[in-house]
Amino acid sequence: MKRAEDMRWGALMRVFAWPLVLAVLSALGLLFALLGDGAWDVASWLLLAVPIAAIAWAIVRAGPRSETGRCHPRQR
Amino acid sequence: LPTARAIRTWSVVHTWSSLVCTAFLLMLCVTGLPLIFHHEIDHALGNAVEAPAMAPDTAKAELDRVVDAGRHRHPGEVVQYVVWDKVEPDLVYLFMAPTYTAEDARRVVVDARTGEVLGEPNTRTSLTAILLQLHVDMFAGLPGKLFLGGMGLLFVVAIVSGVVLYAPFMRRLPFGAVRRDRSPRIKWLDLHNLLGVVTISWAVVVGATGVINTWADLVLKVWQFDQLAAMVAPYRGKAPAVAKAPLQSVIETAQRAAPQMKPSFVAFPGTPFTSAHHYAVFLRGDTPLTSRLLKPALIDAETGALTDARELPWYVTTLLVSQPLHFGDYGGMPLKLIWAVLDVVTIVVLGSGLYLWVRRRRAATDEPIARVEVAGTAAPEPRAQPGE
């Protein structure tokens with residue numbers, strides 16, 4: 001019973017680890033620009049750029065669509 | 001991970017909370033995108049007033065002269081508010097209308113140094129004014145505002161339920177997976193999940209602060225009956241004041257009550273922001289945060305003496321702090337550009353969500369195999385169709 005619960009927790013952590021990191025970084029970004037100007041603003045821009053960079057990374061990594069067709073027969 | 005039964009429930013919540021609000025959220029995102037840059041657009045379209053260049057230490061005119069310039073221009077109207085431009089300290093805006101309580105006041109821009117009228121920007125039929133009206137209440141006044149606030153709450157529900165459904169979908173996939181070689185449906189499902197999950201913080205903050213902004217009129221009413229009423233209690237039952245105190249001395253008295261602060265705006269006696277007997281000088285701090293935190297000082301309009309000065313209560317402070325977090329105007333142009341990118345990402349999340357729902361409905365009626373395809377790769381069991 002304990003093991004099953006640990007596994008559920010592990011699976012949850014695996015799925016949400018990166019989203020959680022990105023959520024915390026962008027929340028700090030939203031906050032920092034409120035607290036001051038200059039360096040605070042720059043820190044805010046960098047932190048809020050992280051989720052945008054993550055999107056770019058995922059799309060570039062997915063690469064161009066393969067030439068074999070829009071839906072591979074074996075995958076249906 | 002949630003059970004299959006829980007997933008089905010969350011799936012229904014996500015589907016319907018999204019479906020109901022999507023059309024309005026799309027409208028809000030599309031009108032909100034140019035509004036991020038309303039300042040720049042007004043300048044580009046020549047609908048902004050600029051202060052002429054003068055020596056940087058040019059002295060300011062007496063405030064009474066500034067106000068008289070507006071009264072001279074529109075003799076039949078009253079000045080409701082005097083507002084200082086935060087970015088351009090040489091510009092003062094006079095809100096003028098036929099009565100103290102009339103809405104839709106004109107804005108007369110006066111040079112704070114010379115006391116001369118510089119112009120009257122179009123705040124009714126300009127491009128940004130129309131977009132703003134659509135965005136705020138769809139030209140339907142308070143009911144329109146509250147309705148859009150309700151749509152914003154549904155948007156927050158859709159985000160929360162979407163996050164719950166993210167787990168069963170991503171169980172067997174690495175973070176950021178976009179299965180581009182599969183059917184367009186799977187590709188867009190992955191994109192919907194990816195774009196949605198990485199922008200949660202921003203979307204929740206902008207969504208929730210937008211909802212809070214729709215309550216602004218109500219917050220003002222509560223403040224009037226709560227704190228304002230307590231501050232002016234000694235004046236209850238008195239006839240409205242004849243405003244005799246010079247405005248310049250009113251400002252100086254207010255600033256003595258809070259020496260670290262600057263005036264943000266003055267409400268004239270009889271307007272909703274003060275009593276019939278007082279000028280209310282709203283003072284502000286200097287950082288991006290404290291410049292939003294106002295402190296009203298009530299000055300007797302007849303004698304010019306300070307009646308009371310208090311911090312605003314928590315519910316007004318919440319409203320004032322939620323404004324920059326919604327507008328994205330508190331961290332320079334790069335922050336506005338980030339706001340614009342995330343706004344477009346949200347449009348894609350909304351659009352792909354709608355697409356996935358349409359595809360699923362079609363799949364459910366004439367192509368059952370498509371359901372199995374998704375279920376087999378990601379969802380824990382065939383009947384649960386989360387994330388749409």
Side-chain angles (χ1 to χ4, degrees), chain A residues 4-5 7-38 40-72 74-76, chain B residues 1-2 163 166-187 190-191 193-206 286-290 292 321 324-325 328 330-335 337-339 341-342 345 348 369-370 372-373 376-377:
Chain A
E5 220 158 80
M7 278 173 66
R8 279 165 65 100
W9 181 246
L12 216 56
M13 280 316 293
R14 198 184 60 75
V15 168
F16 281 115
W18 280 113
L20 198 65
V21 169
L22 293 171
V24 170
L25 292 182
S26 32
L28 287 175
L30 290 168
L31 181 69
F32 278 10
L34 268 185
L35 296 180
D37 290 320
W40 288 103
D41 281 343
V42 176
S44 159
W45 304 333
L46 294 176
L47 287 168
L48 283 168
V50 173
I52 297 171
I55 294 171
W57 163 80
I59 288 175
V60 167
R61 204 186 53 146
R65 163 173 287 175
S66 78
E67 314 241 322
T68 51
R70 122 197 141 89
C71 195
H72 204 275
R74 248 186 314 175
Q75 286 170 332
R76 290 214 64 159
Chain B
L1 293 171
V163 171
Y166 181 80
F169 262 113
M170 298 303 289
R171 203 167 49 142
R172 294 182 198 156
L173 292 172
F175 171 73
V178 179
R179 289 166 291 172
R180 224 171 177 170
D181 286 339
R182 305 291 299 272
S183 67
R185 188 179 129 78
I186 291 205
K187 182 184 79 182
D190 287 348
L191 281 170
N193 285 337
L194 168 70
L195 300 183
V197 88
V198 304
T199 54
I200 301 171
S201 284
W202 182 85
V204 167
V205 165
V206 174
D286 228 359
T287 71
L289 182 63
T290 59
R292 308 280 173 168
V321 173
L325 286 168
Y330 61 107
M333 182 47 80
L335 193 70
L337 291 170
I338 287 169
W339 235 250
V341 171
L342 295 174
V345 169
V348 176
I369 192 162
V372 181
E373 173 188 59
T377 52

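Per chain, numbering begins at 1; letters A, B, ... match sequence-line order.
Remark: B:Ile200 engages B:Ile159, B:Val163, B:Val197, B:Val204 in a side-chain contact (heavy atoms from CB on, under 4.5 Å) (not counting sequence neighbours). Taking the side-chain contact (heavy atoms from CB on, under 4.5 Å) definition, one finds that B:Leu337 meets it with B:Phe37, B:Met333, sequence neighbours left out.
When each of B:Val345, B:Ile338, B:Val178 is scored by its heavy-atom pairs under 4.5 Å with chain A, the top score falls to B:Ile338. Ranked by heavy-atom pairs shorter than 4.5 Å toward chain B, the options A:Ala49, A:Gly36, A:Ala54 are led by A:Gly36.
For the pair B:Pro288/A:Asp37, a side-chain contact is recorded, criterion being any heavy-atom separation below 4.5 Å from C-beta on. Taking the side chain as every heavy atom from C-beta outward, A:Ile55 and B:Leu195 approach each other to under 4.5 Å. Between B:Trp202 and A:Pro51 there is no side-chain heavy-atom pair separated by less than 4.5 Å. In this structure the side chain of A:Ile52 reaches within 4.5 angstrom of the side chain of B:Leu342, judged on heavy atoms.
The aromatic rings of B:Phe175 and A:Trp57 lie parallel to each other, their planes meeting at an angle below 30°, with 60° marking the opposite boundary.
Residues A:Ile59 and B:Arg180 come closest through the heavy atom pair O-NH1, 3.7 Å. Looking at every heavy atom in both residues, B:Arg172 comes nearest to A:Arg14 through N-NH2, 4.1 Å. Shortest non-hydrogen contact noted between B:Gly331 and A:Trp45 is O-NE1, 2.8 Å. For A:Leu30 against B:Leu325, the heavy-atom pair with the smallest separation is O-CD2, 4.0 Å. Minimum heavy-atom separation, B:Leu194 to A:Ala58: CD2-CB, 3.5 Å.
Between B:Tyr330 atom OH and A:Asp41 atom CG the span is 9.5 Å, to the nearest 0.5 Å. Of the inter-residue distances, the one linking B:Ser201 atom OG with A:Leu28 atom CG reads 9.0 Å to the nearest 0.5 angstrom.
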B:Leu173 and A:Val15: side-chain contact (heavy atoms from CB on, under 4.5 Å), yes or no, with the steps? CA-CA 8 Å; B:Leu173 292 172; A:Val15 168; over 6 Å; no
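When heavy atoms are compared at a cutoff of 4.5 Å, B:Pro334 approaches chain A by way of both its backbone and its side chain.
In this structure a side-chain-to-backbone donor-acceptor pair under 3.5 Å is missing from A:Trp18 to B:Val198.
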